[in-house]
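Each remark here refers to the structure printed beneath this line.
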Amino acid sequence: MVKVNVDMASSFIRAVLPRLACRHLKIGNNCNGRYLYGCNKRWVSSGSDLVQVEQDDSDNEIVVLKMNVKPVNACTAEFNNAMTKLIKDLDADEQSKGLILTSTLPNVFSAGLQLTALHGKSYDEIKEYFSTFQTMAHTLFTSRLATVAAINGHAIAGGCVIALCCEYRVMAEGKFHNGLNEVIVGIPMPAWVSAYTVYALGTNTAEKVILSGKKHTPREALQVGLVDQVVPPDDLIQVSKNILSDLIKVGDYPRRLSKERLRKELLMFSL
Ligand SMILES: CC/C=C\CCC/C=C/C(=O)SCCNC(=O)CCNC(=O)[C@H](O)C(C)(C)COP(=O)(O)OP(=O)(O)OC[C@H]1O[C@@H](n2cnc3c(N)ncnc32)[C@H](O)[C@@H]1OP(=O)(O)O
């Protein structure tokens, strides 16, 4: 593989990227296979390939993040930290306006917490692991960017939470499930997750969804408000892009401040 240092990559991408809409670039060995994309003055990188970054337009306004933790996008600590870093970097990049969150996997958006990370671990280790997930969710929930979850498969427990952190949720039709099954797997629902769910669904429906632990088909998820729209799988990304384009048409500053105010009450549940 050709060796490319970050400066060389920077010049190359700045020169070429505007003509390469909707492609991601994998940089050579000395960048550890990270996905980078240039935003004129800033670099946004997940620091790993657990999240793939695609720039979607020549203005660098829309970014598509693809969760890529095989086989089911279980949220490992490394993944949670990579996502947190990416969203913070995008938040700090004035050119970025919107974010679509989806998965590289054909049938799974995310299976939620990495259950295997909880076995045989000490209290402190589990606490530390949980906090990486909460920080990631909090960073996404409070991001200044407009956010759309393009749910292309199962979204279970923490996977459903990730989607709930976004402003708008589109789900593909299919034999997938979407739900908060924490009570079924034996995890009492944390107050902050309940608060995010109440924010998205309203108190009464949130209570039903959380206490039943039910996994919903896409149509059922639409009925209870876990998703805003259900579309054929082939339309998922384009529909998400159209929604995001509408969301970012609104003046950036009023939108940003209003989102912050709307979600501010929930900040009391932050770390
Ligand atoms: C204070 C607490 C802080 C935060 C809490 C926030 C609340 C969040 C809680 C949680 O997220 S708890 C996690 C609950 N998740 C689940 O119950 C999902 C379980 N998985 C499934 O239902 C299915 O795997 C699926 C996602 C529907 C996909 O089904 P599919 O048939 O495609 O795959 P398969 O089941 O064969 O699994 C493949 C492979 O992946 C392993 N796997 C699945 N889920 C997880 C997981 N969550 N963590 C780790 N590993 C997982 C599964 O065991 C298989 O492994 P194998 O190939 O080695 O057998």
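For the numbers below, each heavy atom of this structure counts, side chains included, while hydrogens, waters and symmetry mates do not. Residue numbers count from 1 along this sequence. Just so you know, ligand 1 is whichever comes first in the structure, and atom 1 is the first atom listed for that ligand. The model shown is predicted, which means the values in this text are computed figures rather than measured ones.
Among protein residues, P71, V72, A74, A111, G112, L113, Q114, L115, T116, F130, F133, H154, I156, A157, G158, N181, E182, V185, I187, P190, W192, V193 come within 4.0 Å of ligand 1, judged on heavy atoms.
When all heavy atoms are compared, the tightest approach of G225 to R169 is O-NH2, 4.3 Å. Here the shortest heavy-atom pairing between A172 and V230 reads C-CG1, 4.4 Å.
Counting heavy atoms from C-beta outward, N80 and Y129 have side chains that approach closer than 4.5 Å.
Applying the salt bridge (charged side-chain N to carboxylate O under 4.0 Å, His left out) test to residues at least two apart or on different chains, none of the pairs has a partner in residues 108-136.
Checked against side-chain hydrogen bond (donor to acceptor under 3.5 Å, both in side chains), N178 has no partners two or more places apart in sequence or in another chain. The side-chain hydrogen bond (donor to acceptor under 3.5 Å, both in side chains) test applied to S103 returns N73, not counting sequence neighbours.
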